[in-house]
Amino acid sequence: QVQLVESGGGLVQAGGSLRLSCAASGRTFSIYALGWFRQAPGKEREFVVGIDWSGRSRSYADSVKGRFTISRDNAKNTVYLQMNSLKPAVTAVYYCAADASVVLTTDPEKYDSWGQGTQVTVSS
């Protein structure tokens, strides 16, 4: 497993942008697929975006396509989530997760390690 720490959350107005970061510890960071999930009050945790170990394969939830971008820097053991054109509906706690599987998955049950989460609040 790896230890994950998210940062970059905060309060932003609708239409604004935020960049979340997730720093990982552990020398095997580069072999993990990484995902961002979010959970709003009273709702289940949902998949937002994921990236495979190589960075060549990405998967986006339909609701964020064209506005969110995931990237990773294996040299820095960090994965990023750039969020643009933010809407109040995306307000949630955002979690970074790591999965040692080869195949990128949207299923949160497949992810082995989780960060503590970072709050993203978009005001109207």
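The chain is numbered in sequence order, starting from 1. On a predicted model such as this, the values are computed, not experimentally measured, just so you know.
- Taking every heavy atom of both residues into account, G9 and L20 meet most closely at N-CD2, 3.5 Å.
- Counting heavy atoms from C-beta on, the side chains of V49 and L81 come closer than 4.5 Å.
- If you chain together hydrophobic residues whose side chains sit under 4.5 Å apart, L104 and W114 fall into the same group.
- Two different hydrophobic clusters hold Y95 and V64 under the rule that ILVMFWY side chains link at heavy-atom gaps under 4.5 Å.
- The line from OG of S85 to CZ of R67 is 6.5 Å long, rounded to the nearest 0.5 Å.
- Across all non-hydrogen atoms, the minimal contact from S57 to S54 is N-OG, 4.5 Å.
- S21 places no side-chain N or O within 3.5 Å of a backbone atom of S7 that could act as its donor or acceptor partner.
- Note that the CZ atom of R19 and the CG atom of N84 stand 11.0 Å from one another [nearest 0.5 Å].
- Considering only residues two or more places apart in sequence or on other chains, S71 meets the side-chain hydrogen bond (donor to acceptor under 3.5 Å, both in side chains) condition with none of them.
- For residues 40-94, there are no disulfide (SG to SG under 2.5 Å) pairs, not counting sequence neighbours.
- Hydrophobic clustering (ILVMFWY, side-chain heavy atoms < 4.5 Å, transitive): I70 and L18 are in one cluster.
- Counting only residues at least two apart or on different chains, the salt bridge (Lys or Arg N to Asp or Glu O under 4.0 Å) pairs with a member in residues 35-50 are R38-E46.
- Applying the disulfide (SG to SG under 2.5 Å) rule to pairs touching residues 39-119 yields C22-C96, sequence neighbours excluded.
- With rounding to the nearest 0.5 Å, the separation of OG in S17 from CE in M83 is 9.0 Å.
- Side-chain contact between Q13 and V122 is absent, with no heavy-atom pair separated by less than 4.5 Å.
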task: Might you work through the side-chain hydrogen bond (donor to acceptor under 3.5 Å, both in side chains) test for Q3 and S25, ending with a clear yes or no?
output: CA-CA 5 Å; Q3 287 72 50; S25 62; 2.9 Å; yes

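- Among residues at least two apart or in separate chains, side-chain hydrogen bond (donor to acceptor under 3.5 Å, both in side chains) pairs with a member in residues 100-113 are D99-S101.
- Side-chain contact check for T121 versus V12: every heavy-atom pair is 4.5 Å or farther apart.
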message: Quick one, T78 with D73, criterion side-chain hydrogen bond (donor to acceptor under 3.5 Å, both in side chains). Give me CA distance, side-chain angles, the key distance, then yes/no.
response: CA-CA 5 Å; T78 302; D73 185 338; over 6 Å; no

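- Closest of all the heavy-atom pairs between L4 and Q116 is O-OE1, 3.8 Å.
- The ring pair (Phe, Tyr, Trp, His ring centres under 6.0 Å) pairs that include a residue from residues 40-93 are F37-F47, where partners are two or more places apart or lie in different chains.
- The two residues D52 and R56 have their closest heavy-atom pair at OD1-N, 3.2 Å.
- Across every non-hydrogen atom of S124 and A14, the tightest pair is CA-CB, 4.4 Å.
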